[in-house]
2 protein chains.
Amino acid sequence: MKNNITMRDIADKLGVSSVTVSKALNDKDGVSDELKQKIKVLAEEMGYRYNALAKSMKEGLSYNIGVIIPERFAGMDHQSFYLNVYQSITRVLESHEYYGILHILNSKDEKQLQLPRIYHEKKVDGFIILGQISKEYIEKIESIELPKVFLDFYDEHADIDSVVTDNFNGAYEMTNYLIQNGHREIGYVGNLYSTSSIQDRFLGYYKSLLEHNLKLNETYILDDRDEHGSYIDIKIPDQMPTAFVCNCDQVAHNLIQKLTKLGINVPDDCSVVSFDNDVYATITSPGLTTVEVDIEEMASHAVNFILAKIKDETKSFGRVLVKGKIVYRNSVKKIG
Amino acid sequence: MKNNITMRDIADKLGVSSVTVSKALNDKDGVSDELKQKIKVLAEEMGYRYNALAKSMKEGLSYNIGVIIPERFAGMDHQSFYLNVYQSITRVLESHEYYGILHILNSKDEKQLQLPRIYHEKKVDGFIILGQISKEYIEKIESIELPKVFLDFYDEHADIDSVVTDNFNGAYEMTNYLIQNGHREIGYVGNLYSTSSIQDRFLGYYKSLLEHNLKLNETYILDDRDEHGSYIDIKIPDQMPTAFVCNCDQVAHNLIQKLTKLGINVPDDCSVVSFDNDVYATITSPGLTTVEVDIEEMASHAVNFILAKIKDETKSFGRVLVKGKIVYRNSVKKIG
DNA sequence: CTGAAAGCGCTTACAG
DNA sequence: CTGAAAGCGCTTACAG
């Protein structure tokens with residue numbers, strides 16, 4: 001490091017103390033405006049760069065937040081939805097003079113309950129966990145003393161702060177919309193034993209059926225993935241409903257491809273709605289009517305929570321739901 | 001910070017000095033094996049966590065690398081190809097006890113030549129710039145004294161280290177492949193004035209034509225995007241070639257959708273090959289024969305270069321090409 | 001308004 | 001093999 005100008009260098013040139021330089025550069029009281037101005041100008045001239053590390057040392061804060069994404073959510077398979085969320089997170093963090101350090105949690109570490117090195121090296125002041133992790137890993141994470149926030153999933157334990165989309169309500173409104181369009185035989189696509197968001201979306205769908213006095217027909221509930229989360233070939237029932245609620249856009253895409261192959265046209269023969277409004281929503285033909293997850297809002301909540309918890313560790317927010325927004329396209333047909 | 005155990009705390013409990021603890025924990029010479037063992041056990045017991053910040057301060061290194069992605073490459077539009085690269089980068093960095101800090105460079109900052117705050121705060125020891133930035137911003141980046149590596153693009157200035165896919169060779173081999181399959185009328189899709197990778201791929205395609213004594217037909221060169229990089233409606237020529245080389249999978253996808261609408265079947269009426277092997281390669285029907293960019297290899301090079309330059313600032317690598325690999329699917333038909 | 005002193009938690013010579 | 005001293009670059013009381 002050659003170009004290493006410190007506050008002391010500036011102080012020496014001006015014949016003042018480094019304390020005064022510190023105050024001036026941080027716009028704190030205790031320096032005359034005149035001197036402050038002089039110092040700022042000289043700092044600029046000398047190409048001074050603030051050393052955030054020193055402040056960190058003093059305060060015991062790294063000003064970094066670790067963002068943990070399980071590797072199965074970070075790959076191509078999931079359309080990097082989570083990477084887009086990560087991007088929003090870093091943007092919000094930056095506006096608070098914080099930075100994100102991404103940690104992809106690989107399956108081996110998850111199984112062996114290995115915490116990321118950024119934890120062991122005190123490189124971060126807290127963790128945002130983005131995407132469902134195993135029960136055991138949740139417990140491991142809980143055991144550490146740093147603030148943490150779960151994003152896009154939650155655990156039955158009430159004492160962990162989490163930010164999730166309002167899956168229940170979104171699916172409920174989606175199903176209502178189908179019913180408004182005359183549909184009475186409505187199926188659901190998603191493995192109910194896979195993730196909590198699939199479950200919640202299912203329950204929202206179910207509530208809408210109940211409210212409208214419609215029977216839940218079990219042959220209309222289709223599996224979309226196996227227990228490891230890998231997508232499987234969707235089995236189309238002999239007896240078809242007039243519409244499907246899919247748990248996500250990618251699955252809707254898979255479903256529509258499958259239906260098309262069987263000569264079933266969407267939306268003419270069968271309507272389809274889904275969740276996420278990711279690339280699959282527009283890539284699919286017809287475009288999908290879907291619930292858009294409010295990524296910005298979720299990221300913003302998660303960041304605000306974690307920063308509040310760093311400042312005051314007694315703060316607690318519980319489970320916070322972020323409402324989605326229906327985006328209308330052409331995958332639903334009015335019938336009846 | 002309550003649970004703040006330091007080396008000194010361990011030292012005090014054992015009646016030794018913190019120097020000895022430091023040596024023991026870092027497996028350095030100068031401590032008896034016996035004592036070293038004792039120290040390690042106690043550290044574990046006390047829940048000691050190493051403070052990387054202190055080391056950073058001492059050495060003047062943050063052990064972070066800034067990864068700059070222009071925002072236009074980070075959004076949905078580009079299918080987060082770069083976010084996947086970022087993921088590989090962080091993985092390689094972690095294996096070197098380094099961490100990545102992602103900075104999405106927004107268009108305003110790029111225009112105003114605003115350097116990221118992580119630079120001004122000495123939060124990073126170097127930069128990997130991922131994705132083409134403006135000439136002016138390149139100059140700005142060049143002016144800073146930290147090591148930097150350009151990834152997936154390069155500049156005419158020879159003195160900047162960069163890692164890029166071998167676009168020229170990939171397109172050349174792809175076109176050869178089409179010719180082997182009997183094609184003689186081959187088009188190219190991509191705005192030649194947009195990015196250097198589109199240009200290089202075009203030139204590889206052109207070289208293959210030249211080598212096989214095939215004429216370059218200008219009406220077969222189709223624009224895919226405007227000067228801002230936004231995709232445009234592709235204009236299909238009246239006189240069609242029998243095959244197209246597309247500059248990327250997404251554009252191939254757009255092209256195929258367009259052709260399909262016009263009743264032109266791929267690959268029966270027209271073959272298509274492309275670049276990237278991203279989601280669009282498998283989402284498109286038929287699956288695309290395409291060149292896969294070796295993300296791992298590129299990330300690994302970029303990281304190794306930047307770390308080498310941090311250790312020894314005189315190190316220089318120039319422009320390094322990483323070969324891609326053809327993935328064969330069903331978008332090419334043998335003819336003639 | 002200005003500054004001397006102490007400290008954040010390590011590591012690097014150097015001395016014993 | 002072990003440790004006292006100094007220093008990395010700031011900031012926070014506190015004194016003048």
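What you see below is based on every heavy atom in this structure, not just the backbone, and it leaves out hydrogens, waters and symmetry mates.
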### Task
Report the base-pairing partner of D:dA4 (Watson-Crick or G-U wobble, both distances below 3.5 angstrom), or none.
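The answer is none; no pair meets the criterion.
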### Query
In the strands shown, is C:dA13 matched to any nucleotide by a Watson-Crick or G-U wobble pair with both distances under 3.5 Å, and which?
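Partner of C:dA13: none.
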With sugar-phosphate meaning primed atoms plus P, OP1 and OP2, does [X] contact a base, only sugar-phosphate, or nothing at under 4.0 Å between heavy atoms?
{"X": "B:D29", "value": "nothing"}
{"X": "A:K36", "value": "nothing"}
{"X": "A:L35", "value": "sugar-phosphate"}

Hey, is the side chain of [X] poking within less than 4.0 Å of OP1 or OP2 on [N], counting only N and O atoms?
{"X": "B:K58", "N": "D:dG9", "answer": "no"}
{"X": "A:Y48", "N": "D:dG9", "answer": "no"}
{"X": "B:S56", "N": "D:dC8", "answer": "no"}
{"X": "A:T20", "N": "C:dG3", "answer": "yes"}

Euclidean distance, atom [atom1] of residue [X] to atom [atom2] of [N] [Å, nearest integer]:
{"X": "A:D27", "N": "C:dC1", "atom1": "CG", "atom2": "C1'", "result": "16 Å"}
{"X": "A:M7", "N": "C:dG3", "atom1": "CE", "atom2": "P", "result": "14 Å"}
{"X": "B:L61", "N": "C:dT12", "atom1": "CG", "atom2": "C1'", "result": "15 Å"}
{"X": "A:Y50", "N": "D:dC10", "atom1": "OH", "atom2": "C1'", "result": "7 Å"}
{"X": "B:E59", "N": "C:dC10", "atom1": "CD", "atom2": "C1'", "result": "10 Å"}
{"X": "A:K122", "N": "C:dG9", "atom1": "NZ", "atom2": "P", "result": "7 Å"}
{"X": "A:N4", "N": "D:dC8", "atom1": "CG", "atom2": "C1'", "result": "9 Å"}
{"X": "B:R8", "N": "D:dG3", "atom1": "CZ", "atom2": "P", "result": "11 Å"}

### Message
Any donor-acceptor pair under 3.5 Å linking the side-chain atoms of A:Y98 with those of A:D125?
### Response
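On atom types as modelled, these side chains qualify, holding a pair under 3.5 Å.
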### B:E145 bridged to A:R49 by N-O distance under 4.0 Å
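So B:E145 pairs with A:R49 through a salt bridge.
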Look at the side chain of [X] and decide which nucleotide, out of [options], has an atom nearest to it.
{"X": "A:N51", "options": "C:dA5, D:dG9, D:dT2", "answer": "D:dG9"}
{"X": "B:S18", "options": "D:dT11, C:dT11, D:dG3", "answer": "C:dT11"}
{"X": "B:T6", "options": "C:dG7, D:dG3, C:dC10", "answer": "C:dC10"}
{"X": "A:V16", "options": "D:dC8, C:dG3, C:dG7", "answer": "C:dG3"}
{"X": "B:M57", "options": "D:dT11, D:dG9, D:dC1", "answer": "D:dG9"}

### Task
Would you indicate whether B:K36, at its atom NZ, is surrounded by more than 12 heavy atoms from other residues, nucleotides or ligands within a distance under 6.0 Å?
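For B:K36, atom NZ is crowded (more than 12 foreign heavy atoms under 6.0 Å).
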### Query
Within the side chain of A:E71, is there an N or O that forms a donor-acceptor pair under 3.5 Å with the backbone of A:I104?
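Checking the backbone N and O of A:I104 against the side chain of A:E71, no donor-acceptor pair under 3.5 Å is found.
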#### Entry: Side chain A:D9, main chain A:T6, donor-acceptor under 3.5 Å
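Judged by distance alone, yes, a pair lies under 3.5 Å.
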### Message
Can you say whether a donor on the side chain of A:K23 sits under 3.5 Å from an acceptor on the base of C:dG3, or the other way round?
### Response
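Yes, a donor-acceptor pair under 3.5 Å.
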### Aromatic ring pairing B:F127/B:Y119, orientation class (parallel under 30°, perpendicular over 60°, tilted between)
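If you compare the ring of B:F127 with that of B:Y119, the planes turn out tilted.
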